[in-house]
Colleague: 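Sending over a structure as structure tokens; questions will come in a sec.
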2 protein chains.
Amino acid sequence: MGVIRKTKAVEVLLNEFNNSSTAISAKKLIAELDSTFNKTTIYRVLDKLEDDGILHSFLGKEGLKWYAKCNGCTASEHADLHPHFQCLSCGKVECLTVSVTLPKIPNKKIETSQLLLQGKCEACFV
Amino acid sequence: MGVIRKTKAVEVLLNEFNNSSTAISAKKLIAELDSTFNKTTIYRVLDKLEDDGILHSFLGKEGLKWYAKCNGCTASEHADLHPHFQCLSCGKVECLTVSVTLPKIPNKKIETSQLLLQGKCEACFV
DNA sequence: AATATAACGCAACAGTGTTGCATTAACAAA
DNA sequence: TTTGTTAATGCAACACTGTTGCGTTATATT
Ligand SMILES: [Mn+2]
Ligand SMILES: [Mn+2]
Ligand SMILES: [Zn+2]
Ligand SMILES: [Zn+2]
């Protein structure tokens, strides 16, 4: 991939992620930017930014697709093996910087994994 | 919940799970039983069996819904906190009986978690 | 300025799962 | 066994997230 043009949509979406400390769902971006960009454009830009190693994606509750900024990823190597957290009260989703020790599974070759923790974020469980 | 009638659909679906050591996706059940039951019926029976603590569900690759037999769950208490494995070659999905040690997350109250391991099953990585 | 083509908007579609409603079947009571 | 209650079913239409094809527009290069 690569060769990405600096269009309005790319600029606006990158801004969203640079100004956010949390992950953002495609659904929310579409809702917010509905009047500015077609949803197809949003999906395509997110796809491309992921291909280019700028964003990574994962599935949250109900199979919704979430995106967040990558940390030192390139188009050829994605290292988004960290777990994610989703608050069941406010819906906020974050990348966690802790590392998980995966269980040893005999007779299986584990290539990747996804861990989604759910519960209450600091603001919600007081 | 509870008060479940022993209908054909319930019987057939329970049989599917009793004869399978792996998890089964709603998608596959619908494809297989298409000529026998309406997909709505299948979805509803699966829902109900889950409510009654007989099956548990989780999301696999691409957000597809998978079901598997529960082990000592009741309608009031579901303990399906085990991880799941999905083979990226043959698509097979299993419940894993290992226990995961969740990372300690400060300032968050973890209530539940989902760990999906992906890779190659024994039959596929030879 | 002219050109190449990536990115866009739009409409239609794909796939999984849900809902409303009339009909049928399970089960208990008579 | 017959009757009555209502859970379960089939069907069609829908909801929702995400995708595809294609003609048009905008970006970047020459
Ligand atoms: Mn992340
Ligand atoms: Mn399981
Ligand atoms: Zn919260
Ligand atoms: Zn396999």
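Small disclaimer: the values here were computed from a predicted structure and weren't measured. Letters A, B, ... mirror the listed sequences (proteins, then strands); counts begin at 1.
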Colleague: Classify the ring geometry between B:F58 and B:W66 as parallel (under 30°), tilted (30 to 60°) or perpendicular (over 60°).
Modeller: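 Because their plane-to-plane angle is under 30°, the rings of B:F58 and B:W66 count as parallel.
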Colleague: Out of B:L96, B:T97, B:L115, which one pairs with A:P103 under the side-chain contact (heavy atoms from CB on, under 4.5 Å) rule?
Modeller: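 Option passing the side-chain contact (heavy atoms from CB on, under 4.5 Å) with A:P103: B:L115.
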Colleague: For A:S57, is there any backbone N or O sitting under 3.5 Å from a side-chain donor or acceptor partner on A:E50?
Modeller: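 Confirmed, A:E50 side chain pairs with A:S57 backbone.
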Colleague: Does the base of C:dA6 carry an N or O that pairs as donor and acceptor with the side chain of A:R5 under 3.5 Å?
Modeller: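 Flag set: donor-acceptor pair detected.
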Colleague: Using whole Å, report how far NZ of A:K6 lies from P of C:dA7.
Modeller: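 Rounded to whole Å, this separation is 12 Å.
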Colleague: Could you check whether A:Q114 and B:Q118, counting side-chain N and O atoms only, form a donor-acceptor pair closer than 3.5 Å?
Modeller: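 Short answer, yes.
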Colleague: Could you tell me the separation between the CD atom of A:E11 and the P atom of C:dC8, rounded to a whole number of Å?
Modeller: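 Answer to the nearest Å: 12 Å.
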Colleague: Any idea which of C:dA7, D:dT17, D:dT9 is nearest the B:V45 side chain?
Modeller: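 Among C:dA7, D:dT17, D:dT9, the one nearest the side chain of B:V45 is D:dT9.
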Colleague: Please work out if B:I30 contacts a base, only the sugar-phosphate, or nothing of the nucleic acid, heavy-atom cut-off 4.0 Å.
Modeller: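 Since no nucleic acid heavy atom lies under 4.0 Å of B:I30, the category is nothing.
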Colleague: How close or far is atom P of D:dT17 from atom OH of A:Y67, stated in whole angstroms?
Modeller: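 The distance from OH of A:Y67 to P of D:dT17 comes to 14 Å, rounded to the nearest Å.
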Colleague: Between A:K39 and D:dG18, does any side-chain N or O lie under 4.0 Å from OP1 or OP2?
Modeller: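 A:K39 to D:dG18 OP1/OP2: no side-chain N or O under 4.0 Å.
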Colleague: Of all the choices, D:dA8, C:dG20, C:dG9, which nucleotide is nearest to the side chain of B:T40 once you look at every atom?
Modeller: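 The listed nucleotide nearest to B:T40's side chain is C:dG20.
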Colleague: Under 4.0 Å, heavy atoms only, any strand: does A:T36 hit a base, just the sugar-phosphate, or nothing?
Modeller: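 Sugar-phosphate, backbone atoms only, no base.
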Colleague: Check whether any side-chain nitrogen or oxygen of A:K27 sits under 4.0 Å from OP1 or OP2 of D:dC16, and answer yes or no.
Modeller: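 Looking at the OP1 and OP2 atoms of D:dC16, neither is under 4.0 Å from any side-chain N or O of A:K27.
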Colleague: How long is the line joining CD1 of A:I4 and P of D:dA26, in whole Å?
Modeller: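 The answer, rounded to whole Å, is 18 Å.
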Colleague: What's the closest nucleotide to the B:R44 side chain, out of D:dT9, D:dA7, C:dA7?
Modeller: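 My answer, after comparing the listed nucleotides, is D:dT9.
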Colleague: Using whole Å, report how far CG of B:D47 lies from C1' of C:dT16.
Modeller: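 So the two atoms are 13 Å apart, to the nearest Å.
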Colleague: Please figure out whether A:F37 or B:Y43 has its closest DNA chain C nucleotide nearer the 5' end.
Modeller: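 Per heavy-atom nearest nucleotide, the more 5' residue is A:F37.
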Colleague: Rounded off to whole Å, could you give me the CH2-to-C1' distance for the B:W66 and C:dG17 pair?
Modeller: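 The answer, rounded to whole Å, is 16 Å.
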Colleague: What is the distance, rounded to the nearest whole Å, between atom CD of A:E62 and atom P of D:dA15?
Modeller: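 Going from A:E62 (CD) to D:dA15 (P), I get 18 Å.
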Colleague: Nearest whole Å is fine: how far is C:dA12 P from A:N38 CG?
Modeller: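 Rounding to the nearest Å, CG of A:N38 and P of C:dA12 are 13 Å apart.
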Colleague: Working to the nearest 0.5 Å, report the span between CG of B:D52 and SG of B:C70.
Modeller: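 The SG atom of B:C70 is 10.5 Å from CG of B:D52, to the nearest 0.5 Å.
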Colleague: To the side chain of B:K65, which of D:dG10, D:dT6, C:dG17 is closest?
Modeller: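 That would be C:dG17.
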Colleague: Choosing from C:dT5, C:dT18, D:dA8, which nucleotide comes nearest the side chain of B:T7?
Modeller: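 When the side chain of B:T7 is considered, D:dA8 is the closest of C:dT5, C:dT18, D:dA8.
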